[in-house]
Structures are given as C-alpha cells and as structure tokens.
Amino acid sequence: MKKEVFPLALKIRFLAAALCAALLLCSCSGGGEASSAVQGEAPAAVQEAAPRAVTRLRIPYHLEDTLNPFTCATLQNYYAAGLLYDTLVALDTVGNAQNRLAQEITIEGASCIVKLRTDGRFWDGSPVTAQDVIYSLGLARQSSRFAAQLSAVLETTSPDSYTVVFALSAPDQFFDRSLAFPIVKEGTGEEAVPTGSGRFLPQSGGTALSRNDAYYNPVKTVEAVTLVDAGSLRDQGEAVLAGELDLMYTDLQGDMDLSLGLSRRQVVLSNLVFLGVNSQRWGFTGEMRQAFSGLIDRDTLARKAYLGFGAAAYSPIKPSYSSGSGTAVGSEVNLEEQNALLDSLGFGERDEEGWRTLNGRSFTLRLLVNSDNADRAAAAKVVAEAFQAAGIRISLEEETFKAYAQRIAAGDYDLYLGEMKIPWNLDLLSLISPDPAVGPGCVQDDELVRTYYEVKSGQAGLEALDAALSQVMPVIPLVYRRGIVCYGEDFSANIVATEQDIFYNIGDW
C-alpha cells in the first residue's frame, strides 16, 4: 500500500524546507481557470506588486520508483529526473526542437549530424562526449518511453569526440525532435541515479536537488528542489492545496480530484484519441469515413468526455507542425449535410422508426471501447449519440483492456475508440496502414504512404499529407488529450510547461 501524503514524521522532516519555501501571495499566472491557462496564450496581466522569484521548490515523486530516466515507471519521477539529465534538444511549446547539449544539427537525407557543445559537463566535471550520447541512445532505445521516436536509427558513428552521426532508415526532416532523450555518462546507466549533466544535481541520497552552477546556462533563481513522497494523485492535489507541495503534474489518466480549485496550466499532449474503422470488413470508402467524421462534434466530445482537457483534432498532424492542420475545418456539425452525404452513398433507405437500413435490415455498427478507461467510455457514448442522430444504430461493446486489445488485433470490431501517442518526429506509419496497433481493418492506401514519405524527406509540404489524410481518413481523429500542471494560489512562477519537460523554463522562474 502506498504511503499517505505527509504522515507526521514526513511533515516534521520537511517542515524546515516548507518554511524556507514560503512565497508572497501573488501569482503572475492568473486565476487558474482551465479556459485561460492553455499553453501558448498571452501571459496574465501583471499584478500590482511584482512577485518574488522562486528560490525553493517542492515537487512530488514516488519513493518506491527510481530516478533513472530510462527505467522510472511514474510520470512524477520522469519529470523530476528531467531536472537531473540534459538532452540534446528540448521541445518548446509548439514542439520545435531547441538545442541544449546539441550545438548544431544538420539533416541531410537519411543522415543526421549532431555537433555537441564543448562546455557540457557531467556532475563530476568530465565533458559530455559523443560516446556518452551513443551509450545513452542504446539505453533510450531499450526504454518504452523513448523507443518509438528512435526506431528509425540504424547505426551511429562518432567522427570525433563532439560529433555524432545518426544513420536513419529513411530521410526524416523532423528527426531532430527525436533527440529529446536523456544523456548520461557512459557506464552509469544501470545505476539508480546515473551521472548526469542537467540543471540540478542530487544531494542527500537523491531526495534533495541543488542547482548545478556548472551548467552551461545555470538556473537563475531556483536554488534547491525537494522531492517529496506524496502518494496518489488525489493526495498530491490536496498537498498542493494545503501548501505542502508547490506544484504537481498529471496527464489526467489517474484519479485526480479536479474539484480542488487549484490554479493550473494545460499542456497539449501527443496522445491522439481516434475512431478506428474496420473498412476491410465493411468495404467503407474514404467518402464513408469522411461522412462518419462529419457527424462528430469534437468540441462537445472534449467538453463532455474530457471535461475540457482536450483539443479538437481533425488530423493526426498537430497544428504545432505549422501545417494548418484542423484550422480550416469547423467544429459545428451540419447534420443535414451529413445526412445528404450518407443518402448519396447508398444509405438513404430508412425503416418506420427512422433508422437507416442496409439490405432491408437496420444499419447497425458495433462500437468497441475499453471499459477500464472512463474517459474513453464516456467518449464512446458521445460518438454513439452522434451516429444515432443520423439514423445509424450503434451497439456499444465494452471490454476490459486485455479483451479489447485482443479483439482489435483480430479485427473483431466495426468501430473502436483508440488512443495513440504520436511520436514527436511525426512517425505515422502505424496509424496510416494496417498495423497491430490500429487493427487489420485500417485501410491500406499506397498513395497516402507515398505522400507520407515525400513529406518526411522534405520533397513535399505538410499540407500535402494533411490533404491526403483528410481524403483517405484511415482513422478518424477526435481529440488530442491535455495534461495539467497544478500549483497553489501563492506560487509565483510564470510556468511554461511542455509535454517533454514541465520545467521547460525553470531557468527563468
């Protein structure tokens, strides 16, 4: 059983740290409403009294988990470890790669050349070299957290101590986004806390972190970070409310109490919720899949199923790729137009109850959903209502995750609600062709795959892939989920958080 948040002994242990971390009652982050906290919006109005800079920070972690970035299991420990370990690049709020340990990145065809900065230093004072990067890459490729984004790497070489050449299986103009994996010193990766070169370094067995003044761009104001074993998400939220933690993060996959009224910033994730369609079973054309897509109001789905913590998705390509994905498509559903389209596709006959018919029988589709995921089960009901409003019967079939996954792999579905984390380098192959991840019912379109490779190689613009995806629609995108960084009303830092690093701008707090 996990520990309760801050039992008496633990409160005593961290009382001094809590007193030292007291902040002025003024926040430059605004009132904390979800609608005003979406990442990328203009900062809130400046308060009358300027907030005092944060010098001490208390964040949650799990004592039973490791701080090794390649093996830690919890999000809390993963993000805490991000303070200890630097990356070649960091992804900014729109997903672009910004250099950290990398000084210069050149992508030429199927080759990516990374020149390292020469002032990168591990905690023991030794330089960060190409061999450390190659060693860390090997660890990252064995980690479920980083493996997908690095799957295209065939081999690496180091012409000199500060140059790494990545040979790729195919040209990829977005590969620099894949370089956001931790770099540790060669030979230390099996340790509970490998030797790193990040913005902070561990003290007192790893639960206290101090500013790394040898970092090439030292953090300005935050001098120390205390890691607190804070229990469940619900417990962490209550600890923030009580002023016993300064901030916490959740991807909203766990049992988080959103009624606590905490100030928060939303973080757009790469987790795409989509509707899988078994086109092999039914022979559904691209036009039919487009008609299905047109029935679903994404904003309603995000509001009802994800409580507003979701961004409408009309393409697997997020707008952050500067493609205009989804920006030209309205959210409001024109049911009359969609009904006319369905009629024109051969589904115009209806029975006396108003249900569409096929071969003299009511047109009924089975919608498979994972019963273990409450948000997705709620989303399935919204989708079912949208289809039924157009005269298409939906039979909801809820299964535990194991049975759900087995049925998708076997093609035993008509429709299903799925979710996939889109790799940062826009590797969409598993989403645009039959694959165990999306089921054998996904349509195979050679022209779409060809366009995909042309865009990845830089021979065509993203708008070409966007158009092809919209026409073929191998899966029907619904929403990109969001996570939230929660903090108390007294917390004064202007947080810029990204999916890759919720402490993205901690150097300027």
- Tyr162 six-ring centre to Lys115 NZ/CZ under 6.0 Å and within 45° of normal: no

- Message: What I want to check is whether the side chains of Asn425 and Gln149 have a donor and an acceptor closer together than 3.5 Å.
- Response: no

- Message: What verdict does the side chain to side chain donor-acceptor pair (under 3.5 Å) test give for Arg177 and Asn96, after you've listed the backbone C-alpha separation in whole Å, the side-chain angles of each residue and the deciding distance to 0.1 Å?
- Response: CA-CA 7 Å; Arg177 301 180 183 216; Asn96 291 322; 3.1 Å; yes

- Message: When you compare the side chains of Glu223 and Ser210, does any donor N or O come within less than 3.5 Å of an acceptor on the partner?
- Response: no

- Message: I'd like to check Leu301 versus Val479 (side-chain heavy atoms, cut-off strictly below 4.5 Å). Are they in contact?
- Response: yes

- Side chains of Asp132 and Thr129, donor plus acceptor under 3.5 Å: yes

- Task: Step by step, work out the side chain to side chain donor-acceptor pair (under 3.5 Å) result for Asp427 and Tyr452.
- Result: CA-CA 9 Å; Asp427 183 353; Tyr452 164 79; 3.3 Å; yes

- Which one of Ile59, Leu84, Thr226, Leu57 satisfies the side-chain contact (heavy atoms from CB on, under 4.5 Å) criterion with Leu209? Leu84

- Item | Gln459 side chain to Ser457 side chain, donor-acceptor N/O pair below 3.5 angstrom | yes

- What class does the angle between the rings of Phe401 and Tyr404 fall in, given that below 30° is parallel, 30 to 60° is tilted and above 60° is perpendicular? tilted

- Apply side chain to side chain donor-acceptor pair (under 3.5 Å) to Arg264 and Thr250, showing your working. CA-CA 11 Å; Arg264 57 200 180 208; Thr250 172; over 6 Å; no

- Item | Tyr78 six-ring face occupied by Arg145 cation (under 6.0 Å, within 45°) | yes

- Query: Where the side chain of Arg289 meets the backbone of Ile476, is there a donor-acceptor pair that is under 3.5 Å apart?
  - Reply: no

- Task: Apply side chain to side chain donor-acceptor pair (under 3.5 Å) to the pair Tyr416 and Asn278, showing each step before the final yes or no.
- Result: CA-CA 9 Å; Tyr416 74 90; Asn278 196 336; over 6 Å; no

- Query: Within 45° of the ring axis of Tyr306 and under 6.0 Å from its six-membered ring centre, is that where the NZ or CZ of Arg481 lies?
  - Reply: no

